[in-house]
Structure formats: C-alpha cells, structure tokens
Number of protein chains: 2
Amino acid sequence: MPAALASKEEIIERLFTVFRDSGFDGASLADLSRATGLGKSSLYHYFPHGKEQMAEAVLSRAEALIGEAILGAANAPEPLKVRIRKIVATLEQIYAGGRASCVLGQLATSEIGAAARQSLRQSFEHWIDGIMKLADEVGMSPARARNFAEDWVAQLQGALTLQAATGNVGPFQRAMKALLHLANEDAGRRKTSAAVESR
Amino acid sequence: MPAALASKEEIIERLFTVFRDSGFDGASLADLSRATGLGKSSLYHYFPHGKEQMAEAVLSRAEALIGEAILGAANAPEPLKVRIRKIVATLEQIYAGGRASCVLGQLATSEIGAAARQSLRQSFEHWIDGIMKLADEVGMSPARARNFAEDWVAQLQGALTLQAATGNVGPFQRAMKALLHLANEDAGRRKTSAAVESR
DNA sequence: GTCTATAATAGGATAGAC
DNA sequence: GTCTATCCTATTATAGAC
C-alpha cells in the first residue's frame, strides 16, 4: 500500500496514474483503492458519483497541467528558445522519455460522460493553442501554425501509441526534436527548414 | 441482432468492430455476442480460450489486412503513384475518413496476452516496412526512410486519437496528403519538398 | 474521514440439452 | 453448432459502525 495521503490533490494524483496506465474500463475500483491506499468507501466519500467522477477529476487535473505546462509556458515572458526547452523538458518528464502513456489518449476512446469529454477536448485545445502560439512566433501564417500544432500534437500522441505497441521511443524523441528545431525555423527561410528535416 | 453469419471469417469481422470501437476491456462478452448474433456459448465453441483468443484472432486479421493493404500494396508491380493512391484509398475506407478508431491503437495500451501482443507488434512492423519501402523509392536513405515511416504511422495513429477527442479530421486528412505528396518527393530536390510543406 | 460488511449486478466462463 | 441455464468471480456501489 502506498504512503498515506494528505490532500485531495494527492488522491487525484494517484488516480491519475491508474487511469493513465489502464484506461477507463481497465481501471477497477480495486485498482484505484490500492493506488490511493483508501478503501472503496473512502473513495466514494470524495467522489460520490464513483469512477466517472474520479475520471472527471483526473481530466480536470490534466487540463490544468496542460494549461500551465504548455499554454502557460508558451505565453511566458521569456525568449522563445527557453520556453520551448521548458515545454520539452516537462513533456519528457511527464511521459518518462516516451515510455509512459498519456491519460488524454487513453480516455479519448472510452465511453465517458459529457463533463469528462469536455475536459478532454479542452485539454487538447489548450495544448494545440500553446504549440500554435510558438509556431506563430517563428513567422508561420495562422492557418499553417494551426495545422502545425494539430499535427505536432497528433505526432506526439501517435508516438506514445507506437511505443506502447513496439517499445520504440524513436518517434517520441523525434517529436521532441521537431519542437526544439522550431526555434530555428523562420517563414522566410524555408530552405533551412528543409535542411533541418534532412538531418 | 445482425444478420446470420456463415464463416468464422465473418465472425471475426464482427468481433473486429467491437474491439476497435470499445477496446479490450470495454468489449464485454455481451457486446461480442450481440455483434455476432451468437450466444456466449457459441463464441466459446469457436474460441475456447474466450475473449483473449477472440482478440488474438482479430489482431491476426489486422495483421493480414496490413500485410496485404500496406506491405503488399507497397511492393506491388505498379507505378509508385498508383500504389500510394491505392494505399491511401484503403486507409480512408478502413478509418472512415478519419472518424473510425484503429484496433491496433485501441489494443496497444491494453493488458493482452503474449500472442496478441506479438500480432500487434508485427502489424506495426509490417506497416512501417511498407511505408519505408515507398520512402526508399523516392531516394531517401535507409535511415531517413525508416524514420519517415515510423513518424508517418505515428502521425496517423495520433490523428485518430485527436479525432476521437475533438472530432477534428484535419490531422488525418493531412496525413493522407503527406503520403500522396511523397510521390512528388525526391532526395535531390529538397526545396520542392519544402515548397509542398508550405502549401 | 475511514473502515467492515454487504448488497446488487455485470462479467467471464462452463455444462449439457438439442 | 447453437441454445438455455447456471456458476463463480469481480465490480460497482451503499449502509452503517467507529
């Protein structure tokens, strides 16, 4: 049994890891109870609506995490390169170098309630907005920046899927590199961009 | 209840859709029974080892599908452009224009047995091999072709995840376009490549 | 707020008739 | 090969003591 918990935040943190690793259907109350060190009844004390509400809380936490780690970081008053490096460092930590799953990806295909689904959508929107902001700064048109951001987030999600299936972290690492290299991009120097890709 | 079934192939086809839409844990025997029109006992007649074996059969089917639709098509004796167009057309059909899930992605993060996991891995390897073959033909070095293929498959998987969460099929469509444009690529004309990206 | 105990139900799996 | 009936366990959820 894990160490005792103090706050609801810590409880949610533990629930987070279970939903991330097992998905919604794969996470049983027994699993959630074990991970938190709380009995089922105690969990129901915090989350009267049960598992569904626990997933909502976890997704709200994910939304907040993205809000600060991506969207917030992207808008921070620091040089572009610094912000990008911070975001990449955070992502490498969250996803354990590409070996951990993403709770958003895990729950995206589960049958969850409207509230949870809304958090999920918002999380991805914030994520995309943050990356879009960075792409915008290197001179991409709004449309191109939006596409770049969507595609980059998809790249990352797919990299985690591929890793789960094959154990290969290459795609994850290249996704990180692609973001780092964004700082070297410039809409007026597309050749440089191609050269970077040829790396 | 769906129409009567004739062959085991058709049964597996029906099971396929359930695992694809609900994942391993999300697919109950009741669901699988309903989708096939067979009682639970009948399913056990075909698959004595139960749900696990059904998932194995579905993943074997997926492996065969990828083998012919991607790896086979990539190696067919036809012009590159034709092969690529066929692959894209097949993928657009399989994934319903980006709105359907991928059974491989769905099962990648589930706790499945060794046999199923092996099929999953093989499917992705074949998929990557097929795309790598195409990239090789436009003059990419083996290393670059391999990376391109891995990243492209990740892109597609992530596009489906993003669609599931947000309903946006843009990433899927751009992944298809990226493959179609591969035919216009050439290792000696990297500028053209960049121009295409700027589209 | 946490526990033990207990429902009530759903899930996976099997027996045996036809 | 398919069905009905049944079993057993896990799962979700609640009641009520402390």
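Lettering of chains follows the sequences in order, A, B, ..., and the numbering in each one begins at 1.
Counting non-hydrogen atoms of neighbouring residues, nucleotides and ligands closer than 6.0 angstrom, the NZ atom of B:K81 reaches no more than 12 such neighbours. Within a 6.0 Å radius of CD in A:E78, more than 12 heavy atoms belonging to other residues, nucleotides or ligands are found.
The separation between B:L32 atom CG and C:dA13 atom C1' is 13 Å, rounded to whole Å. Rounded to an integer number of Å, the gap from A:F47 CZ to D:dT12 P is 15 Å. Remark: P of D:dT12 and OH of A:Y46 are 20 Å apart, rounded to the nearest angstrom. Rounded to an integer number of Å, the gap from B:D25 CG to C:dG12 P is 9 Å. Rounded to an integer number of Å, the gap from CG of A:L29 to P of D:dA10 is 14 Å. Atom-to-atom, NE2 of A:H49 to C1' of D:dT12 comes out at 15 Å; the value is rounded to the nearest Å. C:dG11 atom C1' lies 13 Å from atom CZ of B:R34, rounded to whole Å. A:L43 places its CG atom 12 Å from the C1' atom of D:dA13, with the value rounded to the nearest Å.
Within the 4.0 angstrom heavy-atom criterion, base atoms lie near A:S42. Looking at heavy-atom distances under 4.0 Å, A:K51 makes contact with sugar-phosphate atoms alone, never a base.
Under 3.5 Å, the side chain of A:S41 and the base of C:dC3 form at least one donor-acceptor pair of N or O atoms.
Side-chain contact of B:E150 with A:N168: a donor-acceptor pair under 3.5 Å is present, judged by distance alone.
Figure legend: B:K51 and B:Y44 shown without cation-pi pairing, the cationic atom not lying both under 6.0 angstrom from the six-membered ring centre and within 45 degrees of its axis.
Nearest to the side-chain atoms of A:H45 among the listed nucleotides C:dT2, D:dT2, D:dT11 stands C:dT2. The A:L38 side chain lies nearest to C:dT2 when the options are C:dT2, D:dT11, C:dG12.
OP1 or OP2 of D:dA15 has not a single side-chain nitrogen or oxygen of A:Y44 nearer than 4.0 Å.
Remark: B:K133 does not engage B:D136 in a salt bridge, criterion side-chain N to carboxylate O under 4.0 Å.
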